[in-house]
Amino acid sequence: MNEFLKQLNPVQRQAVTTINGPIMVIAGPGSGKTRVLTFRIANLIHSGVPPHQVLALTFTNKAAREMKERIAKVIGEKARRVWAGTFHSIFSRILRMESEKLGYPPTFSIYDTEDSKTLIRDIIKTLGLEKNQYPAGAVLSRISNAKSNLITWKAYANNPELISRDQMDKRPAMHKIYKQYVTRCEKAGAMDFDDLLLMTFRLFYENKDNVVDKYRQKFTHLLVDEFQDTNFLQYAIIKRLSKYQGSPENICIVGDDAQSIYAFRGATISNILDFKKDFPTLQTFKLEQNYRSTPHIVGAANSVISHNAKQIKKKIWTEYDSGSKINLIKALSDTEEARRIAGSIVEQKNRYHYENKEIAILYRTNAQSRVFEEQLRRMNIPYKIYGGLSFYQRKEVKDLMAYLRLSVNQKDDEAFRRVINYPKRGIGKTTLDKLMTVANSEGVSAWEALDKDIFNARTTGLLRKFKEQIKKLSGAAKTTNAYDLANLAYKSSGMLSDLAADNSIEGMSRQENISALLDGIKEFIESDELITDLPGEQDKSISSYLQSVALITDFDEEKGDDDQVLLMSAHASKGLEFKSVFVVGLEENLFPSFMAKDSSSGMDEERRLFYVAITRAMEQLTLSYSNSRYQYGSMRFNEPSRFLAEIDAEHYLNPEVAHFDEPEQKMVSRVSGPQIQKRGPVKSYVGPPKDFKVSNPADIKDGMKVRHIRFGNGTVKGIEGKNENRVATIYFPDSENPEKKIMLKFAKLEILS
DNA sequence: GGCCAGTTTCTTTTT
DNA sequence: GAAACTGGCC
């Protein structure tokens, strides 16, 4: 047996060494999922599969990066030739080589969400629609959803269900916007994030020049991480590559339905069920042992997830037999919350000798990071924020990037719009409107409309000057490398002098950001990363740079040894682990998000997200909430999150802070009287029912009928442990998962007989 | 016709 | 709190 295989438990080893045929690994949190994936790839290569024939798809850049690093640790240099990356980055790489088969230039632009929204706003205006009725974000997500389900604008317009849905939402023109949006993206030689997948599917489906055969032969072994997060379209592509006449069906999917947190993006659990049908010879492996967290964390996770009705049966367990309980912090304001957590971090570092990077703060929305930043800075704790407004979304960075985009693709309307009057050239709204109107009516891009003779002499002159500038850049783009071009664009556009004129603190930081961007481009040119077997991979052109950067969300300066506390959204934390985790802002309308309030599926997804967040913790888990916080510019008062009450009290260090009323009182039947309790913002603890008498835990014996303050009536099925540590197994027939282990020391139980 | 400043609107999560 | 939008001034 290979040396590295000894590091696996029997199930893991089987999942790694079953080389041929379709396999599915259901992996609970902390069960060694990444280890299985990386070892599996290593084992494939050991068994003679050439690295460049392995395709491993992940969801986030972070996951892809980590996978590559870990493969390299096992098999070394060869790891670089494995095709590992996000769906979007791998497919955009392929599209870049094959784009002409789809009628796109290889230098096609990639529209980010902001570009897409701006375009949608413009379309709504052009169509003369009421913008309040058609919020750009909602329209985009509807279009995105359609694309993710392979519904073209034509199919959309002919689909009675979708049309009546839109009419009910008072947005009957949705399909028109969809059509316009697709047309205008095409005219601009641009793809949005969904297009990167959709066009790949089209490429493989239309199969011009048998292009799909090439990739089927090339990728003999497929691996898909976080399969529960794939949407219909992604699965369609995977299937296209791995299921066909004579296919070896060497495909391995890894996932956990309990960690599905991207349904909002179209991810669907039915992919797992379909997978079983599509690949009947499927072998399934379940990894349930948790190697990450101590018992109270695992216990809390299990009790939280048990509140979700639908799930593949599985219970994670751990061999660890001791560990801290969950600490709960209740604050009066968001500032206080942040201050106390910063204090708690200092304390934990002293007590447990944690390094900063072993500690993470997880929140529901990126906007929450701000207060934590302030407090951490105040206490001199180094920190790093993942996600949020990324480096590449800053105005000045996007501006320079827009020049670069225009230099390789002049039809890119969104880039055009962005820089036509930045820096100021006296080309204002009126001119741009006129230009766009002509462009739209002629079905061309704004750039092409520049040639129309419709402006007065002054404006014509200004436009010509702009055109000359871009032409110069585009000429340079063909001969110089990305770095030199970026420098040229920075100077010749006038951005340099515009920024240099601003000596404020913000102005200085904008200049620094541009320098950082330029450094990044330089690094891109000099690095020898991503050398694979296909042509175009050592491509150092600006176009290649733009492609790679469009899909990066965090500005990762690969300084892995930086010792900083990490701040990120719960979503971004998936797949990571930390000695100590703080999950903050546990309030109704925040976590769970108010957006999820109306649907039970939305609430289930929030709960899974909470499950993901708490299972990141190895040793310490701290939860916190605040009675008030600044949200959207004004003070809000939220009640404690329902999720806090879903964790069994035995797992809390300070359960008295955790005693909330259940949001719904379905388990505790009141004897009489109306339900009056309204959870006030300040005192959330509403005591037990009046007739409830807590019995002395020492008196509780096997076989007794008891009543629990939350779970209702039950029967004691057994008692383990001694004195302080007695744990009873109690059967509550009214509860969703009736059998509960309860630590008697904390339990509020009344003996009935 | 452009520019600026004050006003309104819309707030999740990711590629 | 930020970004989009509007109205009044040059």
Side-chain angles (χ1 to χ4, degrees), chain A residues 57-64 85-92 110-118 120-122 124-125 131-132 135-138 140-141 144 147-148 191-198 226 229-231 233-234 260-267 362-368 370-371 386-390 392-395 421-422 424-434 455-456 458-459 462 547-554 568-574 585 589-597 602 605-606 608-610 612-613 629-636:
Chain A
L57 297 167
T58 63
F59 272 81
T60 61
N61 294 301
K62 216 172 343 141
T86 64
F87 279 86
H88 291 84
S89 72
I90 295 281
F91 293 147
S92 81
I110 298 175
Y111 278 0
D112 66 11
T113 311
E114 205 187 317
D115 294 324
S116 297
K117 280 188 185 171
T118 317
I120 285 173
R121 276 190 203 101
D122 191 65
I124 288 164
K125 215 168 70 186
K131 67 176 187 300
N132 296 323
L140 180 60
S141 83
S144 163
K147 285 184 179 176
S148 307
M191 297 192 198
D192 68 10
F193 288 137
D194 298 308
D195 287 334
L196 294 175
L197 305 177
L198 187 60
E226 310 283 10
D229 290 333
T230 51
N231 61 31
L233 174 54
Q234 284 163 325
S260 152
I261 54 174
Y262 286 105
F264 74 91
R265 211 169 66 180
L362 310 182
Y363 34 72
R364 180 71 234 288
T365 65
N366 286 306
Q368 286 166 260
R370 230 189 140 103
V371 256
Y386 261 109
L389 184 67
S390 88
Y392 294 101
Q393 286 172 307
R394 289 173 205 213
K395 186 188 173 301
N421 199 31
Y422 177 79
K424 303 225 150 48
R425 323 190 150 79
I427 303 168
K429 193 170 168 300
T430 317
T431 307
L432 185 61
D433 278 350
K434 217 165 165 183
F455 297 101
N456 62 34
R458 177 179 165 273
T459 310
L462 294 170
Q547 296 256 326
S548 70
V549 145
L551 301 166
I552 293 178
T553 42
D554 50 276
M568 68 186 86
S569 70
H571 282 89
S573 76
K574 183 145 79 161
N589 297 321
L590 183 61
F591 200 164
S593 160
F594 66 99
M595 298 291 284
K597 237 182 3 198
E605 175 147 321
E606 296 286 312
R608 291 192 295 266
L609 182 59
F610 184 53
V612 167
R629 72 173 59 242
Y630 269 103
Q631 242 176 321
Y632 315 128
S634 61
M635 182 74 91
R636 306 267 173 140

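By convention in this document, chain letters (A, B, ...) are assigned in the order of the sequence lines, proteins followed by strands, and residues within each chain are numbered from 1.
- Contacts of A/Phe59 with the nucleic acid, taken as non-hydrogen atoms under 4.0 Å apart, involve only primed sugar atoms and P, OP1 or OP2.
- We find that CG of A/Leu462 is positioned 13 Å from P of B/dG1, with the value rounded to whole Å.
- Listed by chain and number, the residues in a salt bridge (charged side-chain N to carboxylate O under 4.0 Å, His left out) with A/Lys429 are A/Asp433 (sequence neighbours excluded).
- In this structure, A/Gln368 places its CD atom 14 Å from P of C/dG1, rounding to the nearest Å.
- What separates CG of A/Asp115 from C1' of C/dA4 is a distance of 16 Å, to the nearest Å.
- The nearest whole Å value for the distance from the CZ atom in A/Phe87 to the C1' atom in B/dT15 is 11 Å.
- The phosphate of B/dC3 (OP1 or OP2) has a side-chain N or O of A/Asn421 nearer than 4.0 angstrom.
- Qualifying salt bridge (charged side-chain N to carboxylate O under 4.0 Å, His left out) partners for A/Asp195, counting only residues two or more places apart in sequence or in other chains: A/Lys147.
- Between A/Lys395 atom NZ and C/dA3 atom C1' there is a gap of 13 Å when expressed in whole angstrom units.
- Taking side-chain N and O atoms only, A/Arg370 has a distance below 4.0 Å to OP1 or OP2 of C/dA2.
- The salt bridge (charged side-chain N to carboxylate O under 4.0 Å, His left out) test applied to A/Asp194 returns no partner, not counting sequence neighbours.
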All N/O contacts under 3.5 Å from nucleotides 10-13 of chain B to the protein, with atom names and distances to one decimal?
| from | atom 1 | to | atom 2 | distance (Å) |
| --- | --- | --- | --- | --- |
| B/dT12 | O2 | A/Arg364 | NH1 | 2.7 |
| B/dT12 | O2 | A/Arg364 | NH2 | 2.6 |
| B/dT13 | OP1 | A/Asn366 | N | 2.8 |
| B/dT13 | OP1 | A/Asn366 | ND2 | 3.2 |
| B/dT13 | O4' | A/Arg364 | NH2 | 3.4 |
| B/dT13 | O2 | A/Arg364 | NH2 | 2.5 |
| B/dT13 | O2 | A/His571 | NE2 | 3.3 |

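- Atom pair A/Gln393:CD and B/dT14:C1' shows a separation of 10 Å (rounding to whole Å applied).
- Backbone-only contact: A/Ile427 has heavy atoms under 4.0 Å from sugar-phosphate atoms and none from a base.
- Comment: A/Glu605 engages A/Arg608 in a salt bridge, judged by a side-chain N to carboxylate O separation of less than 4.0 angstrom.
- Nucleotide B/dT15 holds its P atom 14 Å from the OH atom of A/Tyr392, rounded to whole Å.
- Relative ring orientation between A/His88 and A/Phe193 is described as perpendicular, the plane-to-plane angle rising above 60° on a 0-90° scale split at 30° and 60°.
- In this structure, A/Thr430 and A/Thr60 both approach DNA chain B, and ranking their closest nucleotides by distance from the 5' end singles out A/Thr430.
- By the salt bridge (charged side-chain N to carboxylate O under 4.0 Å, His left out) test, A/Arg265 is found to be paired with no residue, residues two or more places apart in sequence or in another chain being considered.
- Between A/Lys62 atom NZ and B/dT15 atom P there is a gap of 8 Å when expressed in whole angstrom units.
- The C1' atoms of C/dA4 and B/dT13 are separated by 23 Å, rounded to the nearest whole Å.
- For the pair A/Thr113 and B/dT15, the criterion of a side-chain N or O lying under 4.0 Å from OP1 or OP2 is not met.
- Residue A/Lys429 places none of its side-chain N or O atoms closer than 4.0 Å to OP1 or OP2 of B/dC4.
- Considering only side-chain atoms of A/His88, the nucleotide from C/dC5, B/dT15, B/dG2 that sits closest is B/dT15.
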Anything under 3.5 Å between a donor and an acceptor, one on a side chain of residues 589-597 of chain A, the other on a protein residue two or more places apart or in another chain? List them.
| from | atom 1 | to | atom 2 | distance (Å) |
| --- | --- | --- | --- | --- |
| A/Asn589 | OD1 | A/Lys597 | NZ | 3.1 |
| A/Ser593 | OG | A/Met595 | N | 3.0 |

